Amino acid sequence: MRAVGVVPARREVAMFGHAKPCLTAPTDVRIRTIEVGICGTDREICSFAYGTPPDGSEYLVLGHEALGEVLEVGAGISTLKPGDLVVPTVRRPCPHPQCLPCRDERQDFCFTGDFTERGIKMTHGFMTEFFVEEERHLNLVPDELSDIAVLVEPLSVAEKALAQIWQVQQRLPWEEPLAADQPRGAGKTAVVLGAGPVGILGAKVGGFDVVYEAVGSARISFDLLKVLGMNGIFVFTGIPAQQPAIPIEADSLMRDMVLKNQVAIGTVNADRPAFQGAIRDLGVFKRRWPEATRALITGRFPMDAYRDLLLGKSTGIKNVISFG
Ligand code: BGC
Ligand code: ZN
């Protein structure tokens with residue numbers, strides 16, 4: 001079958017043949033790829049600043065934002081059946097028994113660094129016609145979200161960030177809503193930095209006194225850190241490529257962080273509840289803002305368009321490869 005990926009040793013981005021996957025465990029699910037979103041991480045892997053093929057493979061199949069249809073399930077599967085729509089998570093746990101987060105299905109907090117990520121780090125991705133995945137890494141998507149479910153993975157980044165924000169907010173117990181009919185964070189404002197999908201999707205769940213960074217630029221981020229409010233939380237989600245050092249006003253930033261009780265927090269990736277939250281909230285967005293939500297997907301392209309999408313000028317909000 002066809003796959004799109006990189007050969008880092010030869011600095012090549014290419015479409016090539018890749019063995020069709022089959023079930024190897026009773027908990028495996030075989031999936032037909034429907035759509036794969038392209039993001040800054042993919043483009044960065046194509047500039048060879050990031051990304052690692054699996055051990056023993058010279059290439060890495062790209063793609064970590066996928067929507068697929070279940071074709072076949074192993075004998076041990078009870079929650080999925082052929083025809084179901086699914087979105088896979090990205091990160092896979094490390095093997096070390098002492099890594100408590102990985103053992104607790106919180107590989108987004110893996111502390112050994114030996115996690116893998118599909119389409120990014122040492123595990124092939126989804127930019128291919130079929131893939132196999134374990135049931136525990138798949139999220140069932142309702143059919144009525146089929147046109148936007150490729151956005152679940154980027155939204156899961158914002159969902160995890162929001163969960164982290166609530167945990168940090170617990171240090172301010174009086175900030176909890178006074179009335180039961182008030183949503184959490186009512187009356188607060190948030191600044192969202194970045195106008196790509198992670199930023200736009202994150203904006204729809206924002207609170208106040210929060211900066212949600214999805215721009216991937218340290219210069220812009222540290223400029224905004226200067227205006228973070230009292231007791232504020234600054235959440236970094238961008239992964240900038242290495243650039244020459246920049247001057248920052250470190251003394252005044254440090255003074256502010258202390259005198260204003262500020263927290264700067266980084267967050268990567270997402271756990272399963274964050275994916276499930278993303279699926280639920282995409283449904284909410286679609287009911288509230290049907291046109292705007294659909295318009296997040298700039299264009300759908302056939303697999304053959306991969307070069308332009310990965311190496312050409314970055315355009316629009318979210319471009320998607322459609323496998324038909
Ligand atoms: C993905 C994350 C991943 C990160 C770093 C992002 O584009 O959405 O799941 O952890 O890249 O590899
Ligand atoms: Zn780990």
Side-chain angles (χ1 to χ4, degrees), residues 4-6 8 35-54 60-67 87-94 99 101-102 105-127 131 133 137-139 149-164 193-202 205 212-218 235-242 265-279 281-282 296-297 309-310 314 317-321:
V4 170
V6 289
E35 285 182 342
V36 174
I38 291 179
C39 82
T41 300
D42 300 309
R43 297 171 64 86
E44 210 157 77
I45 297 172
C46 291
S47 76
F48 308 101
Y50 204 63
T52 315
L60 170 73
V61 176
L62 283 168
H64 60 276
E65 303 177 3
L67 168 67
V87 167
T89 60
V90 179
R91 194 174 278 196
R92 302 293 168 261
C94 78
C99 187
C102 282
E105 300 193 3
R106 285 309 302 262
Q107 52 267 23
D108 52 322
F109 282 104
C110 172
F111 60 65
T112 69
D114 289 337
F115 62 84
T116 67
E117 286 179 338
R118 290 206 66 159
I120 301 173
K121 182 177 185 274
M122 302 178 78
T123 313
H124 290 308
F126 310 117
M127 221 176 270
F131 62 93
E133 185 53 87
H137 300 309
L138 293 167
N139 300 284
V150 71
L151 297 171
V152 166
E153 197 280 338
L155 181 55
S156 74
V157 175
E159 295 280 351
K160 176 182 164 186
L162 186 62
Q164 295 290 298
L193 208 51
V198 172
I200 292 176
L201 290 163
V205 293
Y212 179 83
E213 176 279 322
V215 74
S217 151
V235 189
F236 288 100
T237 74
I239 309 170
Q242 200 62 45
I265 181 174
T267 174
V268 66
N269 212 284
D271 55 334
R272 241 180 147 200
F275 272 77
Q276 280 150 11
I279 293 166
D281 284 338
L282 269 185
L296 292 173
I297 298 179
L309 295 170
L310 290 163
S314 166
I317 300 171
K318 175 61 70 189
N319 285 310
V320 166
I321 293 185

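Read the numbers this way: they start at 1 and go in the same order the structure lists the ligands and their atoms. What you see is a predicted model, and the numbers here were worked out from it, not measured in a lab.
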Asker: Side chain of K160, backbone of D271: donor and acceptor closer than 3.5 Å?
Answerer: no

Asker: According to salt bridge (Lys or Arg N to Asp or Glu O under 4.0 Å), who are the partners of R272, at least two apart in sequence or on a separate chain?
Answerer: none

Asker: Would you say D42 and L310 make side-chain contact, with heavy atoms under 4.5 Å?
Answerer: yes

Asker: Is there a donor-acceptor pair under 3.5 Å between the side chain of E65 and the backbone N or O of V36?
Answerer: no

Asker: Looking at D108 and R91, does any basic side-chain N land under 4.0 Å from a carboxylate oxygen?
Answerer: no

Asker: Please tabulate, one line per pair, the protein N or O atoms found under 3.5 Å from any N or O atom of ligand 1, giving the distance to one decimal.
Answerer:
from, atom 1, to, atom 2, distance (Å)
ligand 1, 7 (O), T41, OG1, 2.6
ligand 1, 7 (O), H64, NE2, 3.2
ligand 1, 8 (O), E153, OE1, 3.3
ligand 1, 8 (O), E153, OE2, 2.7
ligand 1, 9 (O), E153, OE2, 3.1
ligand 1, 9 (O), N269, ND2, 3.2
ligand 1, 10 (O), E117, OE2, 2.6
ligand 1, 10 (O), N269, ND2, 2.7
ligand 1, 11 (O), T41, OG1, 3.3
ligand 1, 12 (O), Y50, OH, 3.0
ligand 1, 12 (O), E117, OE1, 2.5

Asker: With T123 as reference, evaluate T52, T116, V90 under the side chain to side chain contact (heavy atoms under 4.5 Å, CB included) test and give the passing residue.
Answerer: T116

